[in-house]
Structure formats: C-alpha cells, structure tokens
Number of protein chains: 4
Amino acid sequence: MAKDSRRVGGDGLKDRRQGLVEAAVRSIAECGFEGLRLRIVAADVGIDHSTVHHYFATKEDLVAAVLVYVTDQLTTTIPSENSPERRLRRHLDALAALMSERPQLFTVTAELDLRSRRDDRLRAKIELDEAGWRSALGALLRSGHESGAWAPGLDPIAGVELIIAVVKGARLSPSRAGVSLTQLSRLMIAADRFPATNPTAKRGD
Amino acid sequence: MAKDSRRVGGDGLKDRRQGLVEAAVRSIAECGFEGLRLRIVAADVGIDHSTVHHYFATKEDLVAAVLVYVTDQLTTTIPSENSPERRLRRHLDALAALMSERPQLFTVTAELDLRSRRDDRLRAKIELDEAGWRSALGALLRSGHESGAWAPGLDPIAGVELIIAVVKGARLSPSRAGVSLTQLSRLMIAADRFPATNPTAKRGD
Amino acid sequence: MAKDSRRVGGDGLKDRRQGLVEAAVRSIAECGFEGLRLRIVAADVGIDHSTVHHYFATKEDLVAAVLVYVTDQLTTTIPSENSPERRLRRHLDALAALMSERPQLFTVTAELDLRSRRDDRLRAKIELDEAGWRSALGALLRSGHESGAWAPGLDPIAGVELIIAVVKGARLSPSRAGVSLTQLSRLMIAADRFPATNPTAKRGD
Amino acid sequence: MAKDSRRVGGDGLKDRRQGLVEAAVRSIAECGFEGLRLRIVAADVGIDHSTVHHYFATKEDLVAAVLVYVTDQLTTTIPSENSPERRLRRHLDALAALMSERPQLFTVTAELDLRSRRDDRLRAKIELDEAGWRSALGALLRSGHESGAWAPGLDPIAGVELIIAVVKGARLSPSRAGVSLTQLSRLMIAADRFPATNPTAKRGD
DNA sequence: TATGAATGAGGCTTCATTCAT
DNA sequence: GATGAATGAAGCCTCATTCAT
C-alpha cells in the first residue's frame, strides 16, 4: 500500500529522488494539491524538509516529476495483436485492473487534470500525453469499424471521447470502475462479437 | 455570464450572501480549492475581506454553501413522462447543455468530488446527493429494461455506473462533453428505438 | 537618538507607517541592508512582523519608502540670496551640521548608493535626485565664476563633481565631516572673498 | 578584467585560494555583501560549494581575506622624490587611474567601509590601514606647507581629511573620479606651482 | 582535496481569523 | 453591517555549515 513499486537493486543512489516522488504521489492522493506539503513529503521519506530542495529546486519541480512518474506508470500500450474488440476489452480491463491495484495513481491523475486548468505548462504536457492516447484509441476504433466489430451507432471519433470520459469518470471511484468499464466495452462491441457468457462477469472469454 | 439568475426576495439582505457564494464558485472554478482566497472572493463582490466573516463564520462554511448552491443549480429532475429511451436522452442532453452553458458549475463539482476524499462531511453530503441521482437512474434503466428500450448487453445496475462515470468524466472538457454524452445514449438505446436521423449526431452511418 | 523626528499632531493614523520607515532607517543605519530584517523593524515599533505587510506589501516597498523618507529629509535647498561664495558656505555648513545631527540619514544614503548598483529602479530614483542637486550646484558655481568668487583653477563643472565627492566621502565619518567640508569651501572660494578670521573655525563671519 | 594578475609561486597550491578571494571580490563588487554567496563564489572558480570550507573555515574568513587582498592591491606608496605638489598630483593621479582600471577594488572598499561599522574586527583593520595613509598624507602636506606649495587656506590637517573624503566619495562613480581628483589637486596646489598647461585638465582658464 | 547529501536556523510572505471602532 | 489593524501559524525557500565518503 505504501512504497508501491520497484526497489531498485542495491538501494541505489537516486532512490531518494524516486522516494520523494512516490511520497509526493501518496501525499497528493491523500490530501490533494491543496494539502501537498514539502515537510510532510520529506518526513515520509525520513529527511529534513530542506533537503527536498537538494533534489527538487522548487515545489513545482517536484510536481513536474510527479506528472512524469504518474504518466510513466500509467502508460499502457494498447495490445496490437488480436481482433479490435479483443484489444478494446483488454485495454479497458487493464485500466480497470490498474485502478483497483493502484488507485492513488488515478487520483493523482484526476488532481493533475484539474490543476492543469491553471497551469499552462502542466496542461501542455498532459494534453500531449492525452493526444497519444486519443490517437491510439482512434486507430483502434477505426480498424474495428471496418471489420464490423462495434455495436451499431458507434462512431469512431465520438467513441474515443466516450472512452476517455468513462475512464476519467471511473477513476474517481475505483470500487465501481470495473463495472463501468466492463459495461462500456459491452455496449461498444457488437453483440455477435461479444462472448455469450455471464452478462456481469468481468472476464468472459 | 456572472451573477447567473436567481434573485432572492426583493434584492434583499441575503443578496450579498448569494453574491459571495457565486464569487466563490467563480474563484474555485478558476483557481481550484487550492487557490480559493477569501480576500479575492471579497474583492470580487466589492467588500472588505474581513466582512466575509459576517456572512460565513469560517472559510469552510463558505465552501459548504458553495456545495449547496452548486448542487441546487445542478439538480435536474429526470423527466417522468415519455418513454424510457426518450427520458434518458432528455436527461443526458440536458446535462450536456448545462455543461456548455455553465461549465464552471461542473468544474466546481469536480473539485468538490476530489475534495470530498479528505473531508468526511463533504463526502457525506455529496454521497447523499449522488444516491438520489443513482436511484433515479436505476429506476429509469430498470423501466427501460422491461420495455426493451436498451441495447443488448445493457445491465441496469452497471448502466447506472456507466452513466455516472461518463458525466463525471465529460465535465472536465465541456467542449467534448456533448459528443461523449450523445455517443453514450446512442450505445445505450436499442438500435430500433433510436431515431433514424439525429440532428446532433456528427456522423450518422 | 531614536525616533529622531517630528511627532505628528495627535498620534495620527498613519503614524505607524512613518514609524516603520523610521525604524527601518535605524535598522539600516545600524546593520546595513545586509542586516535589515522585517522582524526587527516590526519589533522596534512594537507590532508583529506580519503586520508590516499591512503597510508595505513587500520588503522592497519598505526600502522604497526609506529612500523617499531619507531623500525628503536630506533635501536642502541651496539658499538663493547673498553672494555665491556665501551661498556655497551656507550649503556646505548646513550639510555638515546635518551630518553631525543625524548621521544615520547619511549612513543610509551611503547604503542606498551602494545598493543602487544592483537595483535599477533604485538607481533611477537616486540619479534623479542627484541630477537636481548637480544642476543646482552647477548654477551656483557658474554664477560665482562670473563674479570672480572662486579660487583660481576652479572649474564650474569639475567643481560640482568635487563637491559631490566630498559630501559622499565625508558622510562616512561624521566626526570629520565638518573639517573636510570647511576645508573644501576654503579652497574653492577666492582668498580675497574669504573672511580673514581663524583658519580652522567653522563659521567665520 | 577578471583574474587580475599576481601569480603566486609557480601555479602552486594556493592558487585556488587566490582564485576564491578574487571571485569573492567580483561577487561583492557586483552584489554587495548583501548578495555574497559562497555557492556563487565556488561556482565562479569551478568547485563545489562545500569545498570552499577547505580553504576558508567560515564565510567571515573569506571576507577577511578579501580585505587583505584589496588592501594589498590598493596600497600605493606615495612617491618620495620630487616636490610636494608633484607628489600630491602623482598620488591622486595614480588613484584616479586605478579607479578607472579596477573599479571593483574600490567598490569593495566602499562595501568594506560600510560593513566595518558593524564589525569591530573589520573596523580595527581598516582603521589601521587608514591611519597609515593618513599619516603619509599628513607628512606630505606638512612638507608642502613649509615650502609654500599649497594654495592659501590649505590646512595640513584638514587637507588630509579632505583628500580622504574626496577619494572615498569619488570611488563610487569611477567615471567621474578623474575629474574630481584633478580638480582637487588644482585647488590644493598653489596657483604659481601648478603647470600652466595641463594635458589632463578639461578646461584650462 | 573534493564531493554530495543533509541539516537547521532563519527569512519573506500569505492567509484565515479576531477585535475594536 | 463594515472596516482596518493586528495576529500567529504555516509555507516555501535560502544558505552556511557539517559529515561521510
């Protein structure tokens, strides 16, 4: 639950930096940007709060590192093999799994999204990341469109926005995220392409 | 654009209170809770910052009033007449319209959602509101379920969560909210119940 | 020694502001800009250090007010009546008197001079003030030049710079300032225009 | 412009120490004591800031070394040959030349002068140096006094203070220092001892 | 000698809040 | 109700200094 990730081999040199970023993620997840305090982050990794400035000149720099970290952790490559409907389900399932495993990452993303409204640089970076996701989703939906993988009424362009909206909305309540995302893939995929098992099951094949 | 409607009785005493709440809404929409400052709110309505405390004993009280205000403005009763599919579309269309007309209200809601994670009282209130919405949506989806209004695969319970997720996600980018919500209703409503021509659809195949 | 100046009638409203400026002058005189601390200035007038910001938004603003105050206190109009040589002596005598009465003012001026090298705005203001002084001195020296008031070899333009240099140098050691300035006027004024009394006396007429 | 001369023995070990002192001089000249930072000084010579403490245990020690350096560089022996008036002119000309060649040295001196008001040890050292200068000037003026080298009205004792004041004042604006110092020697030296044509005089009447 | 990590004191500033008028 | 003055806690950041390597 804490320190939720990779110990680098040998307690390496810049572990401290990593540790600070991870502590900041925890802190943001728990208290929001509103409650992000360098002192607390520092205490979390066990150093004096002024030492934080040894690694990050400014608080904003730490936040920038948090963005990079979170983005890095969340970048899920959409699988390229298989049929479009399968790839979509895999993608959404993977996201749902991540949400339940590491909900803090998504909370922080939501905070960043909101903060990006007032921070131009942040917005630029986030939009860049989102553009990548958007185009990947676009390609997927278009390919499925050609092969008749989708439910009638699914528009490839609008579908992208729908997926993004669901993910962004679902991340706020991880406990229900799986349900929403599963339901979404159900509705997007053509009935005859969808495995005919238990309607509420998460993984049907 | 500002001071949106809702005159209380006769330009009365409580207008100032209202004004403060609305100014706070603007401020939160623009700067987040992170940047909410009583001084700025006070300046926005043209009074001294210490006078704010005559209306709201504490900053948190102002925030509470903001929640009430926003909730009040956003409470859209799901139309009760007509067929389920029509009612769903009406509801989502109404939300989309509101999002483009008064995006600040939704931004503030998103901020409140995030903040409610750290504020128990806030969470309680928000969950109460959401419970009402959830049950209304549940009733709607169940009724449509019985009458075969929905697309195959739509689960009434999961569908509620999906709708909520989409709305919560869509409110972050008002310019795309319409697209997402329209796409959602398309996918939820059974193909044969959906009007053949849809003036708001971007791409009809 | 402290509070060296005019009590405004009735302990007026913005006495506090004045008091802060005067405390800052004392502090700068004693500790230099290097040692100027808002906390100390605040303590000197008996208020909390954060209250200083009620009067001066920023430390720099306080320094700006100090400049204005010092400049105001130091602006000595060169007497316009009498002969040029008498006016010069009066001016230098007045400066010498001020230096011994209120040495802090001059110390602060010296600090400001030095600081103006790194602060463009400060330099601009100081140069403006100095330009006024310089031109007044120029007019005085030119008029004496025509009437043969000065010692041979005195150049009106260079003489201005010499006077300024002496004043700036003398202010650093108030105890010797009188001697330097008297000697200066002696050397500048033609021998036959200078009263034939005791050569080291400060005031010979 | 930087690294002004004075190689210690064979590029030796102490070069680093020298370099630090010179960097400190530059830094003080540019930013004042107010802005003197060990980190910047260290960066200027290309070493880590904590390494500075291997050469100077404390910041104050570095400042002390700066004083020694500056004093050393500025100690100009008053020429002992020639007539008093010539020696005076040589001395003042040499100072003027130094001011235009290495203005930083004089800026630092001015800073030190101001700082010496709050630092007893510093003041003691500076007063010692000044005492040497003062007595040398005193001897010079007395000798000229006997030989009738000076303008009427020049008092040997007061003259010393005048010279010191001019030098201290002139060093603040190197571009005008030459003018002031030349004018000073003109006024101090008896008219019949002053060369009829003076190549450096701006205006010869 | 040189470094990088760490510290702790202290500085300026912000801000909600209180109080007297 | 309204104001301005005042407070005190807290935040970010700076910097000289120390220490282990």
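Only a predicted model underlies this, so the values are computations on that prediction, with no experimental measurement involved. Naming: A, B, ... by sequence-line order, numbering from 1 per chain.
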Legend entry - Per D/Arg37 side chain, nearest of listed nucleotides E/dT7, F/dT7, F/dT14: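 Side chain of D/Arg37 sits closest to F/dT14.
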Inset, instruction - Working to the nearest 0.5 Å, report the span between CG of B/Leu20 and OH of B/Tyr69. - result: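 That separation rounds to 12.5 Å.
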Inset, instruction - Can you sort out the partners of C/Ser50 under side-chain contact (heavy atoms from CB on, under 4.5 Å), two or more places apart, ordered by chain and number? - result: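 Per chain and number, C/Ser50 pairs via side-chain contact (heavy atoms from CB on, under 4.5 Å) with C/Asp48.
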For [X], salt bridge (Lys or Arg N to Asp or Glu O under 4.0 Å) partners two or more places apart:
| X | answer |
| --- | --- |
| D/Arg115 | C/Glu34 |
| D/Arg39 | none |
| D/Asp113 | D/Lys168, D/Arg171 |

Please enumerate all residues that pass side chain to side chain donor-acceptor pair (under 3.5 Å) together with [X], with sequence neighbours excluded.
| X | value |
| --- | --- |
| B/Thr107 | A/Arg117 |
| B/Thr109 | none |
| D/Asp44 | D/Arg26 |
| C/Thr71 | C/Asp129 |

Expected list for residues 58-65 of chain A: side-chain donor-acceptor pairs under 3.5 angstrom, two or more places apart:
unit_1	atom_1	unit_2	atom_2	d
A/Lys59	NZ	A/Leu36	O	3.0
A/Glu60	OE2	A/Arg121	NH2	3.1

Inset, instruction - Send over the distance from C/Glu34 CD to E/dC12 C1', rounded to a whole Å. - result: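 In whole Å, E/dC12 C1' and C/Glu34 CD are 17 Å from each other.
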Heteroatom pairs (N/O) under 3.5 angstrom, protein to nucleotides 17-21 of chain F:
unit_1	atom_1	unit_2	atom_2	d
F/dT17	OP1	D/Thr58	OG1	2.6
F/dT17	OP2	D/Lys59	N	2.9

Inset, instruction - Work out how much the helix from E/dA2-F/dT21 to E/dT21-F/dA2 bends between its end axes, five pairs an end, to the nearest 10 degrees. - result: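 Between the first-five-pair axis and the last-five-pair axis there is 10°.
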Legend entry - Short side-chain N/O contact from C/Tyr55 to OP1 or OP2 of F/dG4, under 4.0 Å: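 The answer is no; no side-chain N or O of C/Tyr55 sits under 4.0 Å from OP1 or OP2.
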Inset, instruction - Taking only heavy atoms on the protein side, list every residue of residues 119-126 of chain C lying under 4.0 Å from any atom of DNA chain E, sorted numerically. - result: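 Nothing qualifies; none.
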